[in-house]
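Presented below is the structure to which this report refers.
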2 protein chains.
Amino acid sequence: MKKYLEILRHCPLFDGIDSESLIRMLGCLGARVASFDKKYTVFAEGSPAKYIGIVLSGSVQIVQVDYYGNRSILSKIGAAHMFAEAFACAEIGAMPVTVIANEPCEVMLIDCGHILHTCTNNCGFHQQLIYNLMKDLATKTLLFHQRIEITAKRTTREKLMAYLALQAKEAGSNSFEIPFDRQELADYLDVDRSGLSAEISKLRREGVLTSAKNRFVLLK
Amino acid sequence: MKKYLEILRHCPLFDGIDSESLIRMLGCLGARVASFDKKYTVFAEGSPAKYIGIVLSGSVQIVQVDYYGNRSILSKIGAAHMFAEAFACAEIGAMPVTVIANEPCEVMLIDCGHILHTCTNNCGFHQQLIYNLMKDLATKTLLFHQRIEITAKRTTREKLMAYLALQAKEAGSNSFEIPFDRQELADYLDVDRSGLSAEISKLRREGVLTSAKNRFVLLK
DNA sequence: CTCCTTTTGTTGAAAATTCAACAGATTTAT
DNA sequence: ATAAATCTGTTGAATTTTCAACAAAAGGAG
């Protein structure tokens, strides 16, 4: 487990917990590590929602796929961040979404029950973990609000511009890279891919932006 | 404060806390009560996000309004439920949404800092409150997932049917009332109101459902 | 380096949404 | 009870999206 310490120290779940305690805690929590190749399923929709996942390397996508096969990407989770924690904490039976490896990745899995309930030895860190989960869930809620603000727009152009403006703001620059390819961006914005490509071309012709692959530059 | 006890006992924030302790706690937390008439603003977008709100009577709406005045309804919060807790817990400066009284209502406001930080007397209930907040935020996350699953659909008909199917499931019956009028439902589904009305009429003609005001019956 | 696969951009037609305007129904206020 | 205000359903035109098909570009495997 020691090899993952450097990453785990940056995981919001372990805020305020020193490295030594962390190591001990991992054993106590029954943490284990799993690896997935690109496109492999980490958690399938409908599977038991027992585990909190932590991305150790690579990244995963949280996706919903409806009856007709339409995909919607809820978020992309990178190193040191958690996924599925809301479902595990809410103690619902089954996963309402699918988690897919976005690239080859390693994830740590922790049975959430061990965090919420069975802490026989009343370690002080137990409370800290719950506090950290609360903080993390509050932050995740903000991300959902952002996504909803974007996808609530009615046209592809408005959605795209709202998304790009937010990315620019977060990057602190008019030039930035986005973490999605075209199909993924379309699935995040809930629009048609070809229509999205067309809109990007149009914005480029209009001089609103320039783009090369995943790098965009907002002009004006 | 005693008059609100019966409601507050059902608030997720106070799960596992007996009435007597609750009363004492409210004083310690500096809880106060405010009343709002229909359509009045409880929290404006951009205002400080310090307070957790609890609906004591009536209900409030959480809404986003964009640059052009387009409204998107994120959720409706009824008696005993919390609002703005994610923003207060995340300790961001400003509210990213607006909270509006949906009808005449009373709300309890609690400075979240008093829950997260300044508990000098190390009461055991402090930990319980944080645990309860964590649970509540996990549950709210599920609601966002539901909403996203609905609004990710591409047509008004698909959004509407997904929404109604969910309402029927929650009501445990094919006959149920929804908490929105037409304009509100359109703003929740992120579609045009007149188009929504037209779609409902069409579904009725096709024998998929019957409806009268806010009561719908799914047939077949 | 070449072949094969995946991704991206384009296009036109069909389908759906938005928008604006209006009339009838319902609700609220006085 | 009556008038005013709000809500709902309808319609047609303009706009936009989706869909399907294809070609060019980029990326990966051997």
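By convention in this document, chain letters (A, B, ...) are assigned in the order of the sequence lines, proteins followed by strands, and residues within each chain are numbered from 1.
A straight line from CG of Asp192(B) to C1' of dT16(D) spans 13 Å, rounded to a whole angstrom. Here dA16(C) presents its C1' atom at 14 Å from CG of Leu196(B), a figure rounded to the nearest Å. Rounded to a whole Å, the NZ atom of Lys38(B) is 16 Å from the P atom of dA5(D). If you take NZ of Lys153(A) and C1' of dT16(D), they are 17 Å apart, rounded to a whole angstrom. Taking atom CD of residue Glu158(B) and atom P of nucleotide dT18(D), one finds them 11 Å apart after rounding to whole Å. Atom CG of Asp187(B) and atom P of dT8(D) are 11 Å apart (whole Å). Summarising the geometry, the separation between CD on Gln183(B) and P on dA5(D) is reported as 19 Å, rounded to the nearest angstrom. In this entry the distance linking CG of Leu203(B) with P of dT8(D) reads 17 Å, nearest Å.
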Query - salt bridge (charged side-chain N to carboxylate O under 4.0 Å, His left out) evaluation trace for Glu199(B) with Lys159(B) - result: CA-CA 11 Å; Glu199(B) 199 63 47; Lys159(B) 291 181 183 183; over 6 Å; no
Query - Asp15(A) vs Arg9(A), side-chain contact (heavy atoms from CB on, under 4.5 Å): CA-CA, chis, key distance, verdict - result: CA-CA 7 Å; Asp15(A) 263 5; Arg9(A) 292 198 324 127; over 6 Å; no
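A salt bridge links Arg147(A) and Asp190(A); the closest N-O separation between the charged side-chain nitrogens and carboxylate oxygens is under 4.0 Å.
Contact check, Arg157(B) against dA16(C): no side-chain N or O comes under 4.0 Å of OP1 or OP2. The phosphate of dT18(C) (OP1 or OP2) has no side-chain N or O of Thr155(A) nearer than 4.0 angstrom. Between dG9(D) and Arg182(B), a contact under 4.0 Å exists linking OP1 or OP2 to a side-chain N or O. Remark: Ser194(A) is not in phosphate contact with dC19(D), judged by side-chain N or O atoms under 4.0 Å from OP1 or OP2. Put simply, Lys213(B) has no side-chain N or O that comes within less than 4.0 Å of OP1 or OP2 on dC7(D). Between Ser201(A) and dG9(C) there is no side-chain N or O to OP1 or OP2 distance below 4.0 Å.
Bending across the helix from dC1(C)-dG30(D) to dT30(C)-dA1(D), expressed as the angle between its end axes from five pairs apiece, amounts to 60° (10° rounding).
Using modelled atom types, one finds a donor on one side chain and an acceptor on the other under 3.5 Å when comparing Ser211(B) with Arg204(B). Side-chain atoms of Glu103(A) and Ser59(A) include a donor-acceptor pair closer than 3.5 Å.
In this structure, Ser57(B) contributes its side chain and Glu106(B) its backbone to a donor-acceptor pair below 3.5 Å. Remark: the backbone N or O of Val217(B) is not paired with any side-chain donor or acceptor of Ser175(B) at under 3.5 angstrom.
Contact annotation for Arg154(B): backbone-only contact, meaning every heavy-atom pair under 4.0 Å involves sugar-phosphate atoms and none involves a base. At the heavy-atom level, Asp181(A) lies under 4.0 Å from the strands shown only through sugar-phosphate atoms.
Toward the 5′ end of DNA chain D lies the nearest nucleotide of Glu184(B), the other residue of the pair Glu184(B) and Lys202(A) mapping further downstream.
Counting heavy atoms from C-beta outward, Ile52(A) and Leu133(A) have side chains that approach closer than 4.5 Å.
Distances from the side chain of Arg193(A) to the nucleotides dT8(C), dG9(D), dC19(D) place dT8(C) closest. In the set dT11(D), dT18(C), dT18(D), dT11(D) carries the atom at the smallest distance from any side-chain atom of Ala198(B).
A donor and an acceptor atom never sit less than 3.5 Å apart when one is taken from the side chain of Arg204(B) and the other from the base of dG9(D).
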